[in-house]
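Proteins get letters first, then strands, A, B, ... in listed order; numbering begins at 1 in each. Computed from a prediction, not measured in an experiment: that's the story for all the values here.
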Amino acid sequence: MLESAISLTFGLLTVAWVLNLYRLVIGPSLPDRVLALDTMYINSIALIVVYGIQVDSKLYFEAAMLIALIGFVSTVAVAKYITRGDIIE
Amino acid sequence: MTHWIIAPILIPALAGLLLLLEVRERQQLRRVTGLLSCVALIPVALVLWQQAAQGDVGVYQLGNWQAPFGIVLVLDQLSAMMLLLTAVLALPALLYGCAGDDRRGPNFHSLFQFQLMGINGAFLTGDLFNLFVFFEVLLIASYGLALHGRGTERVKAGLHYVVLNLAGSALFLIALGLIYGTTGTLNMADFAVKAQALEGSDQILLTVAVLLLWVVFGLKAALFPLYFWLPAAYANATAPVAALFAIMTKVGIYAILRMQALAFSDGPLAGLGADLLWWLALVTLALAAIGALAAQRLGGLVAYLVVMSVGTLVAALSLGDPKVVGPALYYLIHSTLICAALFLLCDLLRRSRGDSDDRLESGPPLAHGNWLGAAFFAAAVAVVGLPPLSGFVGKVALLQAVPSAPYWVLLLLAGLAGLVGLSRAGSTLFWRVHGDVVSKKLGRRRVIPMLALLLASPLLTVAAEPLLQLCGGVAEQLADQTIYIRAVLGGAS
Amino acid sequence: MDVLIEWLVAIFVVVGGIFALIGSIGLARLPDFYTRLHGPTKATTLGVGGTIIASLLFFSWQERGLQLHEVLITLFLFITAPVSAHMLAKAAMHRDLKRMKGTRGEPWKQ
Amino acid sequence: MMLPAIVLLPLLAALLPMFTRHLGRRWCALLVALPVVAALGLLAQASLPIWEGGMQQWSMAWLPSLGLNLALRLDGLALLFCVLILGIGLLVVVYAHYYLPAKDDGGRFYTLLLLFMFSMLGVVTSDNLLFLVFFWELTSLSSFLLISYKQYDSAARKGARMALTVTGMGGLALLAGVLLIGHVVGSFSLSTVLENGALVQQHALYPVILCLVLLGAFTKSAQFPFHFWLPHAMAAPTPVSAYLHSATMVKAGIFLLARFYPVLAGTDLWFYLVTTAGMATLLWGAVWALFQHDLKGLLAFSTISHLGLITLLFGLNSPLAAVAGVFHIINHATFKAGLFMAAGIIDQQTGTRDMRRINGLWKYMPYTAVLAMVASAAMAGVPLLNGFLSKEMFFTETLQSDQLGAMSWLLPLGATLGGVFSVAYSARFIHDVFFNGEPVNLPKFPPQEPPRYMKIPVEILVALCVAVGVFPAITVAALLAVAATATLGGTLPEYHLAVWHGLNIPLLMSVIALVGGIAVYACRRRLFTWYARLPEIDAKRVFEGRIQAVVRLTAGVTRRLQTGSLQGYLAWVLALVAAVLVWQLPNLTSFTGERAMLPVDGVSVLCALMLIAAALLTTVLHRQRMMAIICLSVVGLIVSLIFVRFSAPDLALTQLSVEVVSVLLLMLAMYFLPARAKADSNPLRVSRDAVLAVLIGTGVAVVALLVMTTDTATISPFFLENSVPGGGGTNVVNVILVDFRGFDTFGEITVLGIAALGIYALLSDLKLASAKYDPFGRPWAHDAHPLVLVTLSRPLLPLALMIAVYIFLRGHNLPGGGFVAGLITSVALLLQYVASGVTWVHKRIPGDYHPLVALGVLLAGLTGVGSWVFGAPFLTSTFTHVHLPLIGDFELASAMLFDTGVFLTVVGATLLILANLGKLSMLDDKKETT
Amino acid sequence: MELLVALIIGVLVATGVYLCLRARTFSVVLGLTLLGYGVNVFLFSMGGLKINQVAVVGASADPTDPLTQALVLTAIVIGFAMTAFLVVLALRSQGEQHSDHVDGQDGEQRS
Amino acid sequence: MKRLLPYPSLTLVLWLTWLLLNGFSVGHALLGLILAVVLPLGTRPFWPQVPLVRDRMGLLRFVLRVAKDILLANLAVALKVLGPVKDLQPGFVEVPLDLRDSFAITVLTSTVSLTPGTVSADVSEDRTRLLVHALHVEDPQALVAEIKQRYEGPIKEIFEC
Ligand code: NA
Ligand code: NA
């Protein structure tokens with residue numbers, strides 16, 4: 001039961017990822033691509049969490065947490081780069 | 001258990017770190033710190049040599065983990081000799097730097113110490129991955145040092161140097177991965193044992209790994225076609241840095257020698273990859289001679305002489321004949337010290353020639369032309385292998401040990417090319433002069449370290465016999481890899 | 001009880017997956033950057049939320065005790081996701097990205 | 001001990017001028033002459049046994065392992081040369097005192113001259129072949145310095161370099177030859193080698209050895225075709241020419257022929273090579289000597305000719321010829337040194353050496369004229385002078401030789417022809433200089449006799465010419481006999497040193513030479529016009545041209561390789577790697593090992609495909625830099641997921657956090673780089689690179705696959721077993737990092753620290769033009785520190801630090817550790833920089849991270865050193881379980897302290913790098929905002 | 001699965017190599033980064049692939065090879081340090097040679 | 001006390017975080033507490049002024065309301081995303097701000113962004129206006145009013161400014 005639900009979810013998440021990559025590739029603008037990357041990061045949190053459930057292990061949790069905590073920094077950096085060029089000023 | 005073995009790594013590391021904590025403006029304090037470390041390294045290296053000379057191989061198990069599981073430092077005569085050479089080179093180089101070059105950018109002294117740490121570590125380690133780490137230590141420090149000071153050419157050469165070595169590091173990792181993947185170990189001695197037992201596809205993989213290692217070491221040692229970065233990088237580096245770099249190519253040669261002696265001297269893998277090294281080294285020798293003839297600057301010329309020494313050494317060592325190792329080591333010591341002296345001398349000339357720099361063209365007369373000229377003449381005689389200086393002894397010893405016509409022809413012709421190049425350079429720099437003296441200052445603090453290095457050549461000549469015996473002893477110990485393996489692995493493997 | 005938990009976990013996992021997918025669908029098909037911005041920042045929060053709740057339930061059940069540390073992921077996301085969205089919106093306005101036809105109001109000049 | 005003293009005295013003398021030059025030239029000359037006289041005295045004493053057919057030997061071990069010993073030997077041949085070297089050397093010392101210009105204190109000159117004397121003595125007395133080569137090269141070096149004595153004169157420099165190049169080449173050949181002889185004979189001892197001539201001649205290497213040794217001899221003795229350097233060496237001061245280029249150095253090559261005569265001579269190859277070279281040199285020199293207008297040029301070519309004559313004699317493979325050769329060595333040295341000195345006097349007195357201007361000096365300096373004329377006559381082979389005697393012997397020997405069979409008449413013909421020209425140029429020297437009308441436009445006029453003592457050396461030499469010529473038996477016979485005996489290796493043939501041998505063919509040949517020579521000289525005008533019409537061959541220019549051509553060629557080769565193009569260099573490296581792979585991998589029989597592969601699932605495949613897509617996109621779009629960075633991030637993200645998938649959470653954590661810092665780094669750099677790169681790769685380059693990339697990629701993939709599917713016994717089980725009992729942690733990866741292989745980690749953080757230092761150094765006083773406008777030409781946004789970012793980043797700091805502490809503390813037992821914790825901390829702090837700016841942050845924390853880096857590495861290192869206290873090696877860990885009431889059991893491990901060092905270094909280094917990079921833009925405030 | 005990982009390694013190495021050979025400093029940085037990923041995964045794969053067998057004592061029945069992971073960790077850190085240095089050096093080069101060509105102005109003229 | 005615990009709410013959050021991460025034990029409770037006190041003190045220079053939470057219950061009510069909104073709006077937005085694109089009526093609306101404190105404003109912008117359908121696009125430099133982009137807005141005025149009433153009001157009360 002849970003196995004199939006998890007498999008299904010993996011499928012959903014992977015499709016989501018593919019869509020993200022699609023947006024990343026076609027853009028058209030830089031913010032679009034960054035947004036797509038950001039979304040990929042967030043989807044991978046889900047991916048890792050679900051993987052943890054699948055293999056019944058909590059050892060991967062920190063990876064998901066780390067993405068949640070600092071994954072956005074790259075997005076902020078690119079956004080700041082777009083607006084200001086200089087990210088640390 | 002003696003802790004002396006790790007001292008050559010820890011002393012410069014400590015000095016480098018203390019330098020970071022010191023106040024940036026207190027230049028004298030920084031100089032003293034760096035010099036103290038360099039001075040300390042000499043007695044330490046002597047003590048280690050003393051230990052190694054007794055014939056036993058000293059093993060230092062880091063973290064008290066036995067080999068092959070933990071990392072070990074291994075002190076045999078070869079590593080002791082290299083440590084001593086490094087120490088002897090470092091002090092004059094740093095002294096020269098303390099005459100003012102150290103002010104040309106921040107963190108010179110720290111980088112210098114870390115460079116020493118990396119070099120010493122590479123000579124001591126008995127673990128392949130640890131060798132990688134120390135290579136990285138010495139490389140990253142060398143990047144910093146190569147770029148020390150300013151100048152467009154330096155930046156360009158530095159960029160090339162860095163990128164090529166980064167690619168080299170990637171290759172190193174691939175080779176290490178393959179070694180671990182096939183033999184399941186990283187310890188050099190253990191590797192030497194396990195590698196012998198490989199067969200089938202594993203042996204092919206191992207061959208790939210070893211050939212890749214040769215490429216990596218060849219890049220450090222500056223073999224054809226991996227040496228192209230060197231002339232520009234060395235010629236444009238600040239003098240004390242270039243002098244110190246004279247030992248850097250030798251680290252690559254050391255690594256080749258070490259691996260070859262340990263794993264590929266006899267048994268089923270004897271001579272693995274030796275052909276590749278032999279031909280690459282011969283081509284290196286030829287091209288370096290050509291480069292020396294073509295050089296437009298003294299710095300470039302000296303850099304090619306460095307490459308020439310590399311070709312000379314690697315070709316000889318690739319034969320895997322223990323008889324060659326002794327003379328090769330003698331030549332290695334000689335060429336390291338003399339090339340370093342030449343780099344310093346080149347800088348002294350630059351300083352006296354103003355805008356003419358070290359270009360081999362007519363320039364202003366030199367204020368201390370006679371003295372500099374005499375020094376240059378001596379260095380040139382030594383480096384091209386003419387009597388009465390050490391190069392002659394080294395060359396004769398090598399020629400006797402390597403019975404190969406192409407090697408003889410190339411070595412002798414390379415010597416001739418060096419002679420032609422240097423006589424052209426010398427007569428141009430010292431005698432084709434016009435105008436007025438540009439700079440009267442010579443600076444005793446620069447001349448003394450240069451002379452100290454140069455003095456090595458007559459000393460090496462006078463003491464040639466004991467030194468050759470010493471080197472022969474090193475070679476003898478190296479020839480019996482079981483001494484090393486037994487020391488590292490105990491009775492286990 | 002076990003079956004119930006298993007069902008719950010399964011449902012939350014799938015719900016999470018669905019919302020994640022919807023968010024990404026939004027990212028893929030919505031017409032301009034500003035509308036696309038809504039897809040991920042909304043749906044993914046619930047998408048991740050669903051899987052977090054599932055994980056929380058699953059491990060609490062497995063270890064026979066409350067396991068709440070997954071909540072932290074949501075906490076961090078709630079702090080950080082709005083910042084990304086905000087910064088990206090500013091970037092988009094700076095770039096003066098095309099808006100969908102019929103968009104009311106005006107973005108601010110950056 | 002006498003032998004080394006004889007050799008070393010000149011060396012001692014060479015050092016004297018350094019201390020005495022301030023006393024003036026007179027003292028210099030005197031002090032220098034004394035040791036030479038002493039050496040001569042010693043030589044006289046040392047020679048005593050030699051007259052009785054004995055020999056003196058002395059040796060001292062120097063480099064026994066190379067067979068190079070300090071071995072000296074004084075036999076007849078060596079004695080002869082020693083006499084020449086010391087004797088003529090002494091005369092040159094005296095002569096030079098008067099010759100050198102007044103402003104020259106002579107110090108450098110005497111030093112070099114005596115260094116040369118020392119080298120030359122070494123060459124002739126060495127009893128060890130390597131030792132001989134040692135001195136041989138020293139003569140090349142010292143003569144280089146002597147020729148270039150007038151260093152600011154281009155001709156002197158070029159002449160010196162030419163001499164050095166040619167003789168240096170010969171020296172290297174000689175070295176090779178000597179080494180081969182040593183290889184064949186098994187010893188470098190000259191005495192041994194001389195006894196083993198047969199061994200050498202029968203050896204397969206004999207032709208090679210012979211060629212190499214002859215190359216050495218011929219270059220030194222200016223034999224055709226290596227003769228060209230000698231005339232240009234005349235740029236040297238005349239005493240040098242007199243000494244080196246007539247009496248001694250050029251004779252070193254001849255000496256070599258004589259020395260190796262018992263070992264190498266006697267074969268057909270010897271005959272053909274040596275005779276041909278000798279004859280060619282004899283004629284070439286003789287003919288061209290006539291056409292030299294320069295006094296010293298004439299003498300130089302005549303020297304070449306006479307050297308050819310001696311060589312020819314040694315080539316004839318006849319003992320008598322060898323005796324004649326030795327005899328002519330003596331005779332030539334005396335009359336030619338005298339002639340050079342005379343030429344020097346004339347040069348000094350007239351200010352020129354051009355024979356077209358120097359005429360009729362008889363009137364002005366009759367005494368010198370007599371001396372010069374006698375010496376010239378000796379050179380011409382006029383009877384009653386020494387030259388005549390040896391020339392007679394020479395003619396005789398050419399007649400005796402039948403080795404050319406039916407063509408044997410060629411030798412006497414050539415000899416006579418040489419004689420003809422020899423007489424002609426001697427006549428020219430006499431007539432052109434001392435008669436032939438009045439001087440033309442001399443720089444110094446009128447010329448006078450030189451100082452008294454300047455003439456003495458010439459007088460002595462000329463007297464010797466006459467004495468030997470008239471009373472050979474009592475003057476030179478003994479010396480010649482011992483020298484010839486030594487040369488031949490024992491037995492001396494029958495010969496008679498007599499002025500009159502009766503009417504015979506050699507005498508006829510002499511007469512032909514005399515008459516013919518005067519006839520040729522009589523037709524000189526016509527010959528000169530013919531010569532003037534010849535295309536002018538300036539050997540110096542030709543040689544320089546050759547050298548230039550070689551340099552150009554080498555420069556071309558070097559430019560081809562040393563293109564200064566990183567792409568080229570890298571392509572070489574990678575091509576070598578590709579070659580290694582292509583060479584080795586086809587030997588593989590299978591690309592997979594015995595282990596079954598893990599089953600594949602759809603998610604993995606899709607993720608992998610996306611990674612591949614992202615990697616390819618990065619490659620394709622690398623010129624659109626932002627796009628490339630974003631694609632690269634996707635790759636990094638998926639790589640982290642790969643680590644998660646294959647049980648490496650520690651790697652995933654590290655990769656994720658490094659990724660963030662890397663993106664920050666790249667973004668910081670992007671600001672200063674052009675946003676879009678120009679396309680500058682041609683299709684050829686692209687395809688070459690693509691081929692390399694595919695080859696290497698495929699190769700690495702293949703070996704990876706093979707290793708992954710093969711089971712190998714590794715050392716890892718040890719770590720899994722000992723992690724808890726030995727390292728006190730359950731996270732084996734972390735225990736390896738901080739304990740089993742903590743030394744690697746120590747090195748690794750050092751690398752990170754050094755990188756930070758290096759970067760700091762690189763950034764200091766770097767000025768970069770930053771973009772005034774954004775890539776679309778719009779002004780930058782106004783809002784540097786957006787409110788929302790600022791306010792939310794701040795509470796994130798303690799939160800992130802909390803997480804860092806958590807990750808740090810659990811690291812030893814569960815995924816995490818100091819490195820990741822450090823990166824989290826750095827990112828949290830960097831976020832403050834991004835949000836609020838450098839100035840704001842640095843108001844709150846010290847902005848210099850150098851100490852932090854140092855403290856981190858120091859802490860890790862001191863933890864390692866701490867184990868010394870317990871007598872354990874560096875980095876030995878220790879841990880203990882502590883029980884506290886209420887709190888319970890917890891572990892204290894020294895590894896934690898080490899990991900703290902890692903943590904601090906990471907924080908310090910990343911911040912040192914990025915904060916300083918961030919500060920870069922503060923240097924220029926050109927930014928335009930709305 | 002091994003095939004897939006090998007494929008990934010191959011692509012990463014190939015793209016890395018290709019980009020390293022480009023003319024602009026930034027491309028070289030990208031290339032070395034990709035090459036670094038490839039090498040890290042390669043090194044990682046040398047210990048063999050295992051799923052959910054984290055090398056934590058007690059957590060797995062048949063733990064994966066921890067040593068390669070430790071090596072990769074070291075390699076990642078060193079790789080980061082090197083990349084950072086190269087990036088800053090690229091800036092320095094840009095600052096002094098006014099070109100982001102790997103050969104500076106010379107390269108600019110050549111191409 | 002104020003010196004030791006400048007931000008009690010933060011300390012609480014940190015402590016809870018620690019306990020969430022490590023599970024409850026006396027040791028971790030103590031260690032967590034120490035960290036939760038020390039870290040805010042250590043990072044104090046980084047936040048010059050943060051308003052204290054006055055109305056703890058109000059905060060809880062607000063959090064629950066937002067959670068409910070997120071859940072519901074998520075469904076609504078999901079429908080919009082999946083539905084026909086041309087029916088969308090996106091728009092920028094400006095919300096005049098009564099809040100003055102930067103932290104409070106940030107909480108508001110985050111809330112707006114977290115609730116589906118709206119994103120805080122910008123805050124004016126004088127902090128008087130908030131620019132919100134809505135995925136689908138039929139009546140901009142109503143949206144403005146809803147944001148002000150539903151979120152800004154409670155936030156103002158919680159932080160009492
Ligand atoms: Na005349
Ligand atoms: Na900045």
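Side chain of Ser119(D) to backbone of Phe135(D): no donor-acceptor contact under 3.5 angstrom is found. In this structure, the side chain of Gln562(D) engages the main chain of Phe228(B) through a donor-acceptor pair within 3.5 Å.
Heavy atoms of Leu145(B) lying under 4.5 Å from chain D are absent altogether. Looking at Ser142(B), there are no atoms closer than 4.5 Å to chain D (heavy atoms on both sides), in backbone or side chain. In this structure, no portion of Leu139(B) lies under 4.5 Å from any heavy atom of chain D. For a residue to count as touching a neighbouring chain, one of its non-hydrogen atoms must lie under 4.5 Å from one of that chain's; by this rule Thr125(B) does not touch chain D. Contact of Ile140(B) with chain D is made through backbone and side chain together, with heavy-atom distances under 4.5 Å. At a 4.5 Å heavy-atom cutoff, the contact between Phe430(B) and chain D is made by backbone atoms alone. Both the backbone and the side chain of Ile71(B) come within less than 4.5 Å of a heavy atom of chain D. Neither the backbone nor the side chain of Phe132(B) comes within contact range of chain D, judged by heavy atoms closer than 4.5 Å. Ala464(B) touches chain D through backbone and side chain together, each having a heavy atom under 4.5 Å away.
If you tally non-hydrogen atom pairs under 4.5 Å between each of Ile754(D), Thr558(D), Leu875(D), Asp848(D) and chain B, the highest count goes to Ile754(D). With chain B as partner, the option from Ile736(D), Leu855(D), Leu706(D), Val178(D) having the largest number of non-hydrogen pairs under 4.5 angstrom is Leu706(D). The residue among Phe129(B), Tyr143(B), Trp229(B) with the most heavy atom pairs within less than 4.5 Å of chain D is Phe129(B). Chain B forms more heavy-atom pairs under 4.5 Å with one residue of Gly168(D), Ala575(D), Ala713(D) than with any other, namely Ala713(D).
Here the side chains of Trp65(B) and Val72(B) are not in contact, with every heavy-atom distance at 4.5 Å or above.
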